Number of protein chains: 2
Amino acid sequence: MSAIAEAKPPSRREQILAAAAELFARHGFHGVGIDDIGSAVGISGPALYRHFRSKDAMLGEMLTAISEVLLAGGQNRVARADPLAELVRFHVDFALDNPALITVQERNLGNLTDPDRRKVRALQRRYVELWVEVIRAAVPGLSEPSARAAAHAVFGLINSTPHSRHLDRDQMADLLTRMALAALTDVPGSPGTALSESVPDE
Amino acid sequence: MSAIAEAKPPSRREQILAAAAELFARHGFHGVGIDDIGSAVGISGPALYRHFRSKDAMLGEMLTAISEVLLAGGQNRVARADPLAELVRFHVDFALDNPALITVQERNLGNLTDPDRRKVRALQRRYVELWVEVIRAAVPGLSEPSARAAAHAVFGLINSTPHSRHLDRDQMADLLTRMALAALTDVPGSPGTALSESVPDE
DNA sequence: CAGCCAGGTTAGCGACGGCTAACGCGTGCG
DNA sequence: CGCACGCGTTAGCCGTCGCTAACCTGGCTG
């Protein structure tokens with residue numbers, strides 16, 4: 001039952017999930033057929049039903065797995081020194097190493113079954129909560145909604161990774177980490193910090 | 001033929017496109033049926049074909065329109081003083097005022113017809129080019145690939161907007177603008193600015 | 001006031017996609 | 001040796017979806 005760390009049954013299911021993730025990321029959940037997923041792993045079509053109850057179940061399992069990994073990883077970084085940098089680095093690494101998963105999680109939450117969506121949402125909420133607390137500790141005086149908004153913004157920044165790929169992995173990691181930290185430490189918390197002298201007409 | 005500024009045929013088409021954008025954003029292109037779009041604007045089903053050649057044509061028109069607006073807007077901001085801030089503010093405003101469009105553009109590029117995709121890609125490229133030049137001007141010594149990566153990262157940051165909504169519009173605009181500028185002015189460009197030479201643990 | 005046509009309706013076709021059914025086959029264990 | 005079972009195959013059902021056809025209607029216009 002437990003989805004976490006099933007010792008080492010390495011292959012078929014995981015292989016299928018990986019292929020499916022790639023396809024879902026590229027074409028969207030509804031844009032991918034059972035047969036597409038099958039042939040991506042060498043078998044064809046309905047053989048998938050030996051491993052998964054349904055197509056929805058694949059997406060469900062995929063997304064809950066991601067959320068669990070992120071939450072667990074996040075939880076054990078916040079214990080260390082400089083938790084903000086740790087969190088950023090962790091997320092950056094995950095995004096760079098799993099671009100397809102990140103993409104699917106961003107785009108296909110809406111295609112989940114209701115119970116699956118609730119579960120994933122709950123996990124994500126806890127992950128965000130982690131970030132919010134760490135951000136507020138690092139940037140004193142920041143309101144909670146602002147911290148939450150900042151967290152989402154930084155997720156967007158880091159998760160933009162799959163669409164880029166102009167630098168090699170390590171340079172990319174450094175760049176994203178730097179930018180994320182810079183953004184986070186300059187988020188406007190203190191009231192009166194207006195920067196609006198620009199003319200926003202039409 | 002020209003898609004730009006067709007005088008003022010204001011309503012039906014645009015109304016349909018807006019509704020479709022909302023739906024595409026929420027469920028993905030393939031997750032939305034013709035009938036869904038129809039009933040979202042009060043008419044039902046195939047009546048849409050009085051206005052569009054096909055469902056693909058809707059997406060195509062939608063995405064090219066967005067890209068054209070962004071490019072045009074971007075082009076006339078880079079002329080002003082402090083073009084980086086102008087560009088950021090412009091993009092932030094657009095994202096905050098058109099969350100559905102932003103979402104669709106991010107997620108559904110892959111569902112475009114080949115010729116449509118080429119056209120959109122071309123427009124996007126020019127928009128990114130704008131950013132790259134402005135960024136390199138603002139951050140001397142920054143390599144072009146780094147600038148490109150930074151641009152995409154900032155798009156991610158700003159476009160994360162639809163998933164947030166914890167602050168009111170203006171606060172959100174300020175927050176995003178500040179974060180984006182902070183991120184952009186601290187992007188690692190100068191060679192040797194590795195943060196990987198030692199573990200940044202304090 | 002006739003009639004056109006913009007813009008809507010419903011019926012229905014053909015393709016496709018998810019899933020089930022029924023069957024085949026090799027490997028491990030009694 | 002045989003049989004069960006994990007894992008794969010192909011055939012095919014059934015619902016849905018994009019789109020066309022055929023028809024209706026009300027307001028402008030000659």
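Everything quoted here is computed from the prediction, not taken from an experiment. So you know, we letter chains A, B, ... as the sequences are listed, proteins then strands, and number each from 1.
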Rounding to an integer number of Å, can you tell me how far [X] [atom1] sits from [N] [atom2]?
X: A:Lys55; N: C:dC19; atom1: NZ; atom2: P; value: 8 Å
X: A:Met58; N: C:dG18; atom1: CE; atom2: C1'; value: 10 Å
X: A:Ile34; N: C:dC19; atom1: CD1; atom2: C1'; value: 8 Å
X: B:Gln15; N: C:dG7; atom1: CD; atom2: C1'; value: 13 Å
X: B:Leu48; N: C:dA6; atom1: CG; atom2: P; value: 18 Å
X: B:Phe52; N: C:dG8; atom1: CZ; atom2: P; value: 12 Å
X: B:Asp35; N: C:dG12; atom1: CG; atom2: P; value: 16 Å

Can you name the atoms? Protein N/O to nucleotides 20-28 of chain C N/O, anything below 3.5 Å, with the distance.
residue : atom : partner : partner atom : Å
C:dA22  : N6   : A:Arg50 : NH2          : 3.3

Classify A:Val41 by what it touches in the nucleic acid, base, sugar-phosphate, or nothing, heavy-atom distance under 4.0 Å.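 The residue A:Val41 makes no contact with any strand.
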Indicate, with a heavy-atom threshold strictly under 4.0 Å, whether B:His51 touches base, sugar-phosphate, or nothing. sugar-phosphate
Any residue meeting salt bridge (Lys or Arg N to Asp or Glu O under 4.0 Å) with [X], in chain and number order, not counting sequence neighbours:
X: B:Glu22; result: none
X: B:Asp186; result: A:Arg178
X: B:Asp168; result: none
X: B:Asp97; result: B:Arg169

Residue pair B:Ala100 / B:Ala25: nearest heavy atoms and the distance that separates them: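 B:Ala100 and B:Ala25 have their closest heavy atoms at O-CB, 3.8 Å.
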Pi-cation contact, A:Phe52 with A:Arg13 (under 6.0 Å, within 45°):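 Yes, cation above the ring, under 6.0 Å and within 45°.
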Between A:Arg77 (side chain only) and A:Glu86 (backbone N and O only), is there a donor and an acceptor less than 3.5 Å apart? no
Heavy-atom donor-acceptor pair, A:Thr113 side chain to A:Asp116 backbone, under 3.5 Å: no
Students should find that the nucleotides of DNA chain D closing off the region near chain B, any atom under 4.0 angstrom from a heavy atom, are D:dG18 to D:dC23
Where along residues 21-29 of chain A does a heavy atom fall under 4.0 Å from DNA chain C? none
Take atom CZ of B:Arg53 as the centre, draw a 6.0 Å sphere, and report whether it contains more than 12 heavy atoms from other residues, nucleotides or ligands. no
Any donor-acceptor N or O pair under 3.5 Å, side chains A:Ser146, B:Gln171: no
Run the side-chain donor-acceptor check on residues 155-165 of chain B: report pairs under 3.5 Å with partners two or more places apart or on a different chain.
residue  : atom : partner  : partner atom : Å
B:Asn159 : ND2  : B:Phe155 : O            : 3.2
B:Ser160 : OG   : B:Leu157 : O            : 2.6
B:Thr161 : OG1  : B:Ile158 : O            : 3.4
B:Arg165 : NH2  : B:Leu96  : O            : 3.3

Considering residues at least two apart in sequence or located in another chain, which fulfil the side chain to side chain contact (heavy atoms under 4.5 Å, CB included) criterion with B:Ala65? none
Could you pull out every donor-acceptor pair under 3.5 Å between side chains of residues 27-42 of chain A and any protein atom, sequence neighbours left out?
residue : atom : partner  : partner atom : Å
A:His30 : NE2  : A:Asn111 : ND2          : 3.4
A:Asp36 : OD2  : A:Gly33  : N            : 2.8
A:Ser39 : OG   : A:Asp35  : O            : 2.9
A:Ser39 : OG   : A:Asp36  : O            : 3.2

Axial bend angle, the helix from C:dC1-D:dG30 to C:dG30-D:dC1: five-pair end segments, nearest 10°: 10°
Tell me which donor-acceptor pairs under 3.5 Å the side chains of residues 130-142 of chain A have, and how far apart each pair is, sequence neighbours excluded?
residue  : atom : partner  : partner atom : Å
A:Trp131 : NE1  : A:Tyr127 : OH           : 3.2
A:Arg136 : NE   : A:Leu142 : O            : 2.9
A:Arg136 : NH2  : A:Leu142 : O            : 3.3

